[in-house]
Amino acid sequence: MIRAVKGTRDILPPASAVWNHVESVARRIFRAYNYHEIRTPIFEETALFTRGVGEETDIVSKEMYTFEDRDGGSLTLRPENTAPVIRSYIEHRMDQLPGLQKLYYIGPMFRRERPQKGRYRQFFQIGAEAIGSESPAVDAEAIEMVVEILTASGLDGFGLLINSVGCPECRPVFIAALRERLKDVASTMCRDCQRRVETNPLRVLDCKVPEDQPIIETLPSILDYLNESCKVHFEAVKRYLDERNISYTVKPRLVRGLDYYTRTTFEIVHGSLGAQNSVLGGGRYDGLAESLGSKVRAPGIGFSIGEDRLVMTVEEKHAAVDRLSLFIAPIDESKFSDCALMAREIRRSGTRVELAAPGKLKKLLEQANKAGAVDAMLVFDDHYELKNMETGEQQTLTRQELVDKFTCKKL
RNA sequence: GUGGCUUUAGCUCAGUCGGCAGAGCAUCGGGUUGUGGUCCCGAGGGUCGUGGGUUCGAGCCCCACAAGCCACCCCA
């Protein structure tokens with residue numbers, strides 16, 4: 001038996017309807033905020049990610065699906081989509097287009113991690129990037145938009161966390177100060193933290209080991225090390241959010257796993273998700289284009305929603321709303337072609353219709369019942385009857401009456 | 001990459017002391033003329049995760065592996 005490979009899964013009905021719901025809500029809101037869809041390839045040159053996401057990150061160093069192409073080149077299934085979007089922006093000289101480029105995408109990403117709740121090797125992201133401005137106003141709008149998307153999808157009880165991670169000018173100063181301080185206390189911390197001091201000192205701030213928390217409290221905060229322009233920028237983002245009545249928590253210890261982030265970073269968490277409680281992550285990446293070798297700057301801010309996790313939390317609320325409206329039951333074989341014509345006419349108006357093969361009345365009603373039909377049209381050799389499957393009520397109608405009844409429904 | 005738990009019909013799960021593979025639900029068929037859901041009868045569906053080992057005999061005991069779930073790690 002061949003099965004879906006580890007960490008991948010089939011999305012079957014009725015769950016697929018929830019996915020469609022979430023995606024159509026997102027598209028509607030993207031449109032309202034004047035974002036346009038971009039579709040980039042599923043695989044890219046490996047160098048795009050090693051240079052964009054960062055050689056030392058977990059994603060690049062141990063989670064990528066990288067393979068050799070037949071001509072010897074190295075290709076990688078995209079583990080995230082910000083670097084590809086920026087690649088596309090540069091390649092197509094979108095900096096020459098007027099104004100901000102506001103782009104969104106929906107699609108699968110690939111990371112070879114050990115699967116668990118809310119974590120898959122092929123997972124889906126709904127994301128957006130606003131490229132071409134450093135203005136904190138763009139940050140605020142992006143954050144507002146994502147809150148709108150999550151709320152409209154049916155998510156409630158989530159928390160918005162924000163932070164600023166500074167820029168290439170002030171962050172190294174902070175990291176140096178952090179390292180300095182950690183030299184003294186690291187020996188008293190957990191094994192992972194001792195390792196992080198070398199590999200990625202910022203991650204120490206994110207450690208969840210209870211015994212380490214008192215020490216972490218005493219470590220320096222990035223917010224005290226922001227230079228003047230980063231500080232002004234962060235203050236503006238917070239003020240704009242306040243003015244829009246968007247509540248958030250400043251979490252100075254919020255760090256991100258991708259190297260390209262600068263200044264604003266944010267995350268949305270939800271309690272029902274288990275250990276993988278983050279439903280969205282995002283931030284600003286003013287230097288990403290240059291690190292990909294671009295001569296033109298492309299400062300931007302973006303986010304991506306973990307669609308699998310979002311669907312998981314809203315799944316119960318959206319059960320089977322789109323029922324089968326009409327089940328057409330040809331009881332007399334000679335009326336089948338007439339049934340087919342009626343079915344097509346009604347279907348053209350957008351009504352959900354099932355046309356059964358000719359059969360015995362009892363069998364057909366059983367099928368209609370199992371299909372969850374609202375109404376069943378019984379087609380006899382000389383007349384038509386419409387049966388309400390809930391109440392059992394039945395009335396004789398003409399052909400025209402039936403067609404009218406079901407075609408005006410969804411015009 | 002590390003750890004814990006789990007794996008028997010499509011689904012949920014029983015299976016005693018090692019002795020013929022089971023139930024409920026679901027599916028399909030029947031209960032005679034044109035009426036579904038409830039009810040009654042019947043049928044199909046299994047390499048007991050895979051591969052070894054112990055034994056006269058293994059779903060059950062032992063070993064290895066795989067997959068699933070959860071947690072670490074990390075992230076969305």
Side-chain angles (χ1 to χ4, degrees), chain A residues 1-9 12 53 56-63 78-82 105-127 146 150 158 190-193 195-196 199-200 202-203 206-209 254-258 261 265-270 273-283 302-313 327 329 331-332 356 359-383 385-394 396:
Chain A
M1 245 261 281
I2 297 176
R3 301 162 40 100
V5 310
K6 187 182 180 115
T8 71
R9 57 191 181 143
L12 307 173
V53 176
E56 299 306 317
T57 60
D58 278 21
I59 291 176
V60 169
S61 64
K62 50 193 188 196
E63 295 173 2
R78 62 184 190 190
E80 61 98 51
N81 207 28
T82 297
Y105 58 85
I106 297 175
M109 307 295 157
F110 306 86
R111 293 182 200 173
R112 198 183 185 290
E113 297 181 89
R114 187 83 172 260
Q116 72 182 75
K117 183 171 182 161
R119 193 168 79 183
Y120 304 95
R121 290 182 173 183
Q122 173 176 305
F123 60 101
F124 289 78
Q125 289 191 335
I126 301 175
V146 85
L150 296 179
F158 55 82
C190 70
R191 286 188 78 86
D192 285 322
C193 281
R195 178 178 51 78
R196 290 180 185 119
T199 59
N200 191 348
L202 286 175
R203 290 234 78 90
D206 209 26
C207 177
K208 287 157 199 123
V209 175
L254 177 68
V255 293
R256 304 236 55 98
L258 291 76
Y261 284 116
T265 59
F266 57 101
E267 182 168 326
I268 286 179
V269 293
H270 194 271
L273 288 167
Q276 312 301 313
N277 68 347
S278 169
V279 74
L280 164 144
F303 60 81
S304 60
I305 298 169
E307 190 176 1
D308 305 73
R309 295 178 187 178
L310 177 57
V311 166
M312 201 188 304
T313 60
F327 184 96
I331 288 125
D332 192 282
K360 283 200 235 165
L361 178 56
K362 184 182 170 71
K363 269 277 100 76
L364 288 164
L365 277 171
E366 209 174 303
Q367 287 171 28
N369 189 54
K370 282 172 183 163
V374 177
D375 287 298
M377 185 196 295
L378 313 180
V379 182
F380 298 101
D381 56 349
D382 58 349
H383 72 292
E385 290 180 34
L386 187 67
K387 183 184 186 77
N388 181 309
M389 295 300 290
E390 309 275 288
T391 64
E393 276 172 50
Q394 212 163 309
T396 301

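Chain naming here is simple, since letters A, B, ... match the order of the sequence lines and numbering starts at 1 in each. Hydrogens, waters and symmetry mates play no part in the numbers below; they use all other heavy atoms, side chains included.
Taking atom P in both A9(B) and G45(B), one finds a spacing of 15 Å when rounded to whole Å. Going from the C1' atom of G68(B) to that of U50(B) covers 15 Å, rounded to whole Å. For the P atoms, the distance linking G18(B) with G57(B) amounts to 16 Å, nearest Å. Between A58(B) and U6(B), the two P atoms lie 24 Å apart (nearest whole Å). A14(B) and U55(B) are spaced 31 Å apart, taking the P atom of each and rounding to whole Å. Nucleotides A21(B) and C60(B), compared at atom P, are 13 Å apart to the nearest Å. C63(B) and A71(B) have their C1' atoms separated by 26 Å, with the value rounded to a whole Å. Rounded to a whole angstrom, the distance from the P atom of G34(B) to that of U38(B) is 23 Å.
Donor-acceptor pairing under 3.5 Å, judged by distance alone, is absent between the side chain of R119(A) and the base of C69(B). Within 3.5 Å, no donor on the side chain of Q367(A) pairs with an acceptor on the base of G36(B), nor the reverse. In this model, a side-chain donor or acceptor of Q394(A) finds a partner on the base of U35(B) within 3.5 Å.
Proximity of K362(A) to the phosphate of U33(B): no side-chain N or O atom is located under 4.0 Å from OP1 or OP2. Taking 4.0 angstrom as the limit, Q116(A) places a side-chain polar atom (N or O) nearer than this to OP1 or OP2 of A71(B). Not one side-chain nitrogen or oxygen of K363(A) sits closer than 4.0 Å to the OP1 or OP2 atom of G34(B).
For R114(A), counting side-chain heavy atoms from C-beta on, the closest listed nucleotide (U2(B), C75(B), U35(B)) is U2(B). In this structure, the nucleotide among G36(B), U35(B), A76(B) sitting nearest to the side chain of E366(A) is G36(B). In the set C70(B), G36(B), U35(B), U35(B) carries the atom at the smallest distance from any side-chain atom of L361(A). Comparing atom distances between the Q276(A) side chain and each of A67(B), C72(B), A76(B) picks out C72(B) as nearest. The side chain of K6(A) approaches G68(B) more closely than any other nucleotide in the set C28(B), G68(B), G34(B).
Residues that satisfy the salt bridge (charged side-chain N to carboxylate O under 4.0 Å, His left out) test with K370(A), not counting sequence neighbours, are E366(A). By the side-chain hydrogen bond (donor to acceptor under 3.5 Å, both in side chains) test, E390(A) pairs with R323(A), sequence neighbours left out.
Contact annotation for G7(A): backbone-only contact, meaning every heavy-atom pair under 4.0 Å involves sugar-phosphate atoms and none involves a base. Here F327(A) lies out of heavy-atom contact (under 4.0 Å) with every strand. Looking at heavy-atom distances under 4.0 Å, M389(A) makes contact with a base. If you check every strand for non-hydrogen atoms under 4.0 Å, G274(A) touches sugar and phosphate atoms only. Among the atoms of the strands shown, base atoms are found under 4.0 Å from some heavy atom of F380(A). The residue E80(A) sits apart from the nucleic acid: no heavy atom pair falls under 4.0 Å. R3(A) comes within contact range of the sugar-phosphate backbone alone, with a heavy-atom separation under 4.0 Å but no base atom that close.
Scanning both residues, V146(A) and F266(A), for their nearest heavy atoms gives CG1-CE1, 4.5 Å.
The partner of G3(B), taking Watson-Crick or G-U wobble pairs whose two distances both stay under 3.5 Å, is C70(B). If you check A21(B) for Watson-Crick or wobble pairing at under 3.5 angstrom, you find it has no partner at all.
The OG1 atom of T8(A) sits 9.5 Å away from atom CZ of F110(A), with the distance rounded to the nearest 0.5 Å. A distance of 6.5 Å separates CD in E307(A) from CD1 in I106(A), rounded to the nearest 0.5 Å.
Remark on RNA chain B: of its neighbouring residues R112(A) and I305(A), the 5'-side contact belongs to R112(A), judged by nearest-heavy-atom nucleotide.
Of the possible donor and acceptor atoms, none in the side chain of R111(A) sits under 3.5 Å from a partner among the backbone N and O of E63(A).
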Atom pairs under 3.5 Å: protein N/O with N/O of nucleotides 41-44 of chain B:
none

